[in-house]
Amino acid sequence: MGAGPTGPVLDRDEVDRALARLGAEHEAIETSLLALQDHAGRRLLEGADLTGITKERWAATEAAITLLWTYFDAYTDALRTARDIRSRRRWSSREDLSELTELLRGESVTVAGSATAAATANAPTLHGTGKLSHSYSLTTLVDRMNELYATSLDMVVAADAVWSALPARIDLLAAELQRTRQLAHSVGVRPGEHPAGDDLERITRTLTTLREQVVSDPLAYWVPAQGSSAPGGGRPDTTVYDREARALEEVRREIDAVLEVRKDAEQRLIKLRDILSRADRTLAEARTARGEVLAKIAATEVPPVSGPPTALQEQLATAAEYRRQGQWHRLSPLLESLEQKAEDELLRARESLTAVTAPLAVRAELRGRLDAYKAKVARHGLAEDPLLMERYEKARRMLWSAPCDLRVAEQAVLRFQQAAADLLSGPQDRQGPGA
């Protein structure tokens, strides 16, 4: 069999196999085009008021889809012509086979230049040439249709994915935001009066703007998958949404804290009053003790005692007023601050009392030691020893007189202890270790 410009002339079996393959491709392409035509994302794009990158990409995609159908119609006509030629005779003639070879392998499909130019006018990436017509082989035409279909589907799927994911989530978050705003208002958290109120206003503005942008320019919120060539490979960009969702959650926690304050404010105020009352009583006791120490103990530095915690009492009164007025957002931080300060004040009062009464404690300890040693020597029959009696009476007079010089009294107690120790150990030394 001879050869032509397209190579060897195909025989009947080769023609039939080529027609079967092209028919299957035609069916697959038609199915894909119809699916693209009915795609929810494409219908939404057709009716949307688009802006930004989505508007530009959709103009190019619409042109690509128009050109796709133009190519498909030309492909359909060529395939129909080839089938008609093959069906003329059961056994195709040489002329028929030559014609079929040219049709199936050569650049036999002509597309009018006006159709291509109209389709590429809004799609710079399609590169129109300005020719009156364009000729393609069926294989080339399939490749071009596959390329146009992939880019068109990629754009449609990406836009549809963003529209399917983000607006609904934004609406749910906006509903939660509205509930949180109502709750915040009920506890006095309002813009200009509380930071959380300002945050709610900012989140509201951001979500409103985000939804408008997502609806009009979905591709601005699409992140293509790296290294993926599949149509629609990527994911919606939820960065802004996620940030605002976290911010709303933080505000909600603040509101919950304020609600907790409203629930147990009275008990917390009662506890605060009790702590401050105990601190006041402890300071009063410290002031009384200081006077006693100054009167009874000589040559001792006694630290001063501060007055009652009037500043905290005033803040407590303010907190009570906030509770009466239902200003929970102001009461919440004030209570937290007061609780810490009240505990600190009680600790300070106790430390002051301890510091002031330290000399009395020292005197009591010395008295205890003196009496303990007296009892010990009495058990050993040494209570009537003249030296011990003299040193005991001297130490006793110092410790039970006012003002008491602790340093001198301590030395007197030590001398009595030493004398008692000497007497208690003397007989043992004389009797030996086995006595």
Side-chain angles (χ1 to χ4, degrees), residues 271-313 316 338-431 433 435:
K271 184 178 178 181
L272 274 171
R273 292 190 188 99
D274 177 62
I275 293 173
L276 291 179
S277 177
R278 286 155 57 194
D280 195 14
R281 291 195 303 270
T282 303
L283 287 175
E285 184 180 350
R287 286 190 291 272
T288 300
R290 186 172 189 273
E292 181 182 352
V293 169
L294 290 175
K296 295 180 178 180
I297 306 298
T300 300
E301 292 294 331
V302 184
V305 180
S306 62
T310 54
L312 293 183
Q313 293 288 358
L316 183 60
L338 269 174
E339 285 166 345
Q340 183 59 53
K341 290 178 180 178
E343 291 291 346
D344 292 344
E345 180 65 21
L346 180 57
L347 177 62
R348 184 178 65 83
R350 288 170 173 169
E351 290 174 346
S352 180
L353 178 60
T354 300
V356 165
T357 57
L360 294 176
V362 172
R363 187 183 68 172
E365 190 270 336
L366 289 173
R367 286 177 173 180
R369 282 165 55 188
L370 183 65
D371 288 343
Y373 265 86
K374 181 185 178 184
K376 185 175 183 180
V377 296
R379 287 196 302 271
H380 288 80
L382 302 174
E384 302 300 326
D385 183 87
L387 179 61
L388 285 180
M389 291 179 61
E390 177 189 351
R391 291 189 176 182
Y392 172 78
E393 287 299 329
K394 185 176 182 179
R396 183 181 181 284
R397 284 195 304 271
M398 289 183 180
L399 287 173
W400 268 267
S401 63
C404 171
D405 190 325
L406 290 178
R407 287 187 292 271
V408 176
E410 183 179 15
Q411 291 301 316
V413 172
L414 288 173
R415 284 195 294 271
F416 172 72
Q417 286 181 238
Q418 185 61 51
D422 291 344
L423 286 174
L424 291 171
S425 62
Q428 293 179 357
D429 292 341
R430 288 192 294 271
Q431 292 175 10

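All values below come from the heavy atoms of this structure, side chains included, with hydrogens, waters and symmetry mates left out.
Under the side-chain contact (heavy atoms from CB on, under 4.5 Å) criterion, Pro303 pairs with Ala355, Val356, sequence neighbours left out. Partners of Glu393 by side chain to side chain donor-acceptor pair (under 3.5 Å), not counting sequence neighbours: none found. Shown here are the side-chain contact (heavy atoms from CB on, under 4.5 Å) partners of Val362, two or more places apart in sequence or in another chain: Leu366, Leu406. Residues satisfying the side-chain contact (heavy atoms from CB on, under 4.5 Å) criterion with Glu292, sequence neighbours excluded, are Lys296, Leu360. Looking at residues two or more places apart in sequence or on another chain, you find a side chain to side chain donor-acceptor pair (under 3.5 Å) between Ser306 and Arg348. Residues satisfying the side-chain contact (heavy atoms from CB on, under 4.5 Å) test with Asp344, not counting sequence neighbours, are Gln340.
Using a 4.5 Å heavy-atom cutoff, the side chains of Val377 and Leu423 are not in contact. Looking only at side-chain heavy atoms (C-beta outward), Pro403 and Ile297 stay at 4.5 Å or farther from each other.
Within the structure, no pair that satisfies the ring-ring contact (aromatic ring centres under 6.0 Å, His included) test touches residues 339-364, not counting sequence neighbours. Evaluation of the salt bridge (Lys or Arg N to Asp or Glu O under 4.0 Å) test over residues 377-392, restricted to residues two or more places apart or in two chains, returns none. Applying the salt bridge (Lys or Arg N to Asp or Glu O under 4.0 Å) test to every pair with at least one member in residues 349-364, sequence neighbours left out, gives no pairs at all. For residues 340-378, no pair satisfies ring-ring contact (aromatic ring centres under 6.0 Å, His included), with sequence neighbours left out.
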Please list every donor-acceptor pair under 3.5 Å in which a side-chain atom of residues 271-283 meets a protein atom from a residue at least two apart or in another chain.
{"unit_1": "Asp274", "atom_1": "OD2", "unit_2": "Arg278", "atom_2": "NH1", "d": "3.2"}
{"unit_1": "Ser277", "atom_1": "OG", "unit_2": "Arg281", "atom_2": "NH1", "d": "2.7"}
{"unit_1": "Thr282", "atom_1": "OG1", "unit_2": "Arg278", "atom_2": "O", "d": "2.7"}

Can you give me every donor-acceptor pair (side chain of residues 408-417, partner residue at least two apart or in another chain, under 3.5 Å) with its distance?
{"unit_1": "Gln417", "atom_1": "OE1", "unit_2": "Arg369", "atom_2": "NE", "d": "3.3"}
{"unit_1": "Gln417", "atom_1": "OE1", "unit_2": "Arg369", "atom_2": "NH2", "d": "2.7"}

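Expressed to the nearest 0.5 Å, how far CD of Glu285 lies from CG of Leu353 amounts to 4.5 Å.
Counting all heavy atoms, side chain and backbone alike, Thr357 lies closest to Ala289 at CG2-CB, 3.5 Å.
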